[in-house]
Undergrad: 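There's a structure below that I have some questions on.
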Amino acid sequence: MPVAKPEASDSRVIAHIDMDCFYVQVEQRKHPQLRGLPTAVVQYNSWKGGGLIAVSYEARNYGVKRSMRGDEAKEVCPEIQLVQVPVARGKADLNTYREAGSQVVSILARRGRCERSSIDEVYLDLTDAAERMLTETSPHSLETIIEEALKSHVLGITSREDGIDVKEKVREWLCKSDADRRDKLLACGVLIVADLRMQVLQETQFTCSAGIAHNKMLAKLASAMNKPAQQTAVPFSSVKGLLESFPIKKMKQLGGKLGSSLQTDLGVNTVGDLWQFSEGKLQERYGINTGWLFIVILHSI
DNA sequence: CATGGCTACGCT
DNA sequence: AGCGTAGC
């Protein structure tokens, strides 16, 4: 997938798939007795019990963090199961995880073009599949909407106090016949991703979380919003509200020195602050080549 | 010694 | 090719 080419109205449907505590899931598949137990994967366990590189959600509930050593984790959660990462030639060997990731990618690739962004993360371009679905079935017949899709989070679809009719509201949103074309495409994306996540679970036993949006940046943000084993969609109409108070340092590519310089040099702390600057000014300061990043951000609204 | 090691990417 | 940055 080529770098996001920002257009005035981006109608692509992009999903970001993020495997939940992936190394742990791979080990739990290999050792089923670990399922449901607080578990972490460690490397180099000779010093203070080794460094944690993946932590199950059960263990996170005890306060176990990825930055901990094995010994610290045992203090917080004495019953934690520590699994050693395989070692080859004295080094951590991540090949089994890489292969497990490939298995997931081969399933996702049935519906769109995949771009692996890390060992456990994939971007998926579902534009064509969504457009096809839209021309074939519009509006969606209620009975074809799978339960998993109804559990989606859709930014801007607010849960009521009792939260009892959230699913009903999501159903309405998914079926809305007079919706914006982009909303309809996004709704198709939501259905496709729900279906794919079920296939992944069935065929690999792995759960994942997903974000569905009109570009990679927003899809990535969305996939982290509701974890584990959930999916979140970002309709165009909710982008501005989502981004304007969003900390710039948490944006991909801006977690390091570039983000720091935005804060100290320009006083930019949120994406909303960034909107006060023109593309020209930003490119003038940071160069034409870094400027494309800002343009993607600015064109998301 | 004590997040290390690894990868991908952009810049020069 | 080699370096710096970023993030897993």
Undergrad: Look at the side chain of A/Tyr44 and decide which nucleotide, out of B/dG5, C/dG7, B/dA2, has an atom nearest to it.
TA: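 Of B/dG5, C/dG7, B/dA2, B/dG5 is nearest to the side chain of A/Tyr44.
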
Undergrad: Would you mind classifying the nucleic acid contact of A/Gln43 as base, sugar-phosphate or nothing, using non-hydrogen atoms under 4.0 angstrom?
TA: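 Base, at least one base heavy atom under 4.0 Å.
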
Undergrad: Measure from the side chain of A/Glu121, starting at C-beta and using heavy atoms only, and say which of C/dG7, C/dC8, C/dT5 lies closest.
TA: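 For the A/Glu121 side chain, the nearest candidate turns out to be C/dC8.
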
Undergrad: Please determine whether a side-chain nitrogen of the Lys or Arg among A/Lys74 and A/Glu79 lies less than 4.0 Å from a carboxylate oxygen of the Asp or Glu.
TA: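 Salt bridge between A/Lys74 and A/Glu79, a charged N being under 4.0 Å from a carboxylate O: no.
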
Undergrad: Which nucleotide in the list C/dA6, B/dT3, C/dC8 gets nearest to the side chain of A/Leu258?
TA: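 My answer, after comparing the listed nucleotides, is C/dA6.
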
Undergrad: Would you call A/Asp10 and A/Arg182 a salt bridge, using N to O less than 4.0 angstrom?
TA: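 Result for this pair is no, no salt bridge flagged.
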
Undergrad: For A/Met68, which contact category applies under a 4.0 Å heavy-atom criterion: base, sugar-phosphate, or nothing?
TA: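 Touches nothing.
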
Undergrad: Does A/Leu293 reach a base, just sugar-phosphate, or nothing at all? Heavy atoms under 4.0 Å.
TA: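 Here A/Leu293 touches no strand at all.
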
Undergrad: Describe the nucleic acid contact of A/Lys257 in one word from base, sugar-phosphate, nothing, applying a heavy-atom distance below 4.0 Å.
TA: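 Counting heavy atoms under 4.0 Å across all strands, the contact made by A/Lys257 is with sugar-phosphate only.
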
Undergrad: Mind listing the closest non-hydrogen atom pair of A/Glu27 and A/Pro86 along with its distance?
TA: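 Heavy atoms only, the tightest pair is OE2-CD, 4.3 Å.
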
Undergrad: Among the nucleotides B/dG4, C/dC8, C/dG7, which one has an atom lying closest to any side-chain atom of A/Lys252?
TA: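 So the nucleotide nearest the side chain must be C/dG7.
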
Undergrad: Roughly how far apart, to the nearest Å, are C/dC8 and B/dA2 at atom P?
TA: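 Their P atoms lie roughly 24 Å apart.
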
Undergrad: For B/dC6, does OP1 or OP2 lie under 4.0 Å from any side-chain N or O of A/Lys91?
TA: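 So the side chain of A/Lys91 is within the cut-off, an N or O lying under 4.0 Å from OP1 or OP2 of B/dC6.
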
Undergrad: Quick check for you: to the nearest 0.5 Å, what is the distance between A/Gln81 atom CD and A/Glu58 atom CD?
TA: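 So the gap between those two atoms works out to 11.0 Å.
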
Undergrad: Among C/dC8, B/dT3, C/dA6, which nucleotide has an atom closest to any side-chain atom of A/Asp120?
TA: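 The closest nucleotide is C/dC8.
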
Undergrad: Under 4.0 Å between a side-chain N/O of A/Lys220 and OP1 or OP2 of C/dC8, yes or no?
TA: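 So the side-chain polar atoms of A/Lys220 do come within 4.0 Å of the phosphate oxygens OP1 or OP2 of C/dC8, strictly under.
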
Undergrad: May I have the distance from A/Lys227 (atom NZ) to C/dC8 (atom P), rounded to whole angstrom?
TA: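 Whole-Å distance recorded here is 11 Å.
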
Undergrad: Base, sugar-phosphate alone, or nothing: which one does A/Gly51 contact when heavy atoms must sit under 4.0 Å apart?
TA: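 Touches nothing.
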
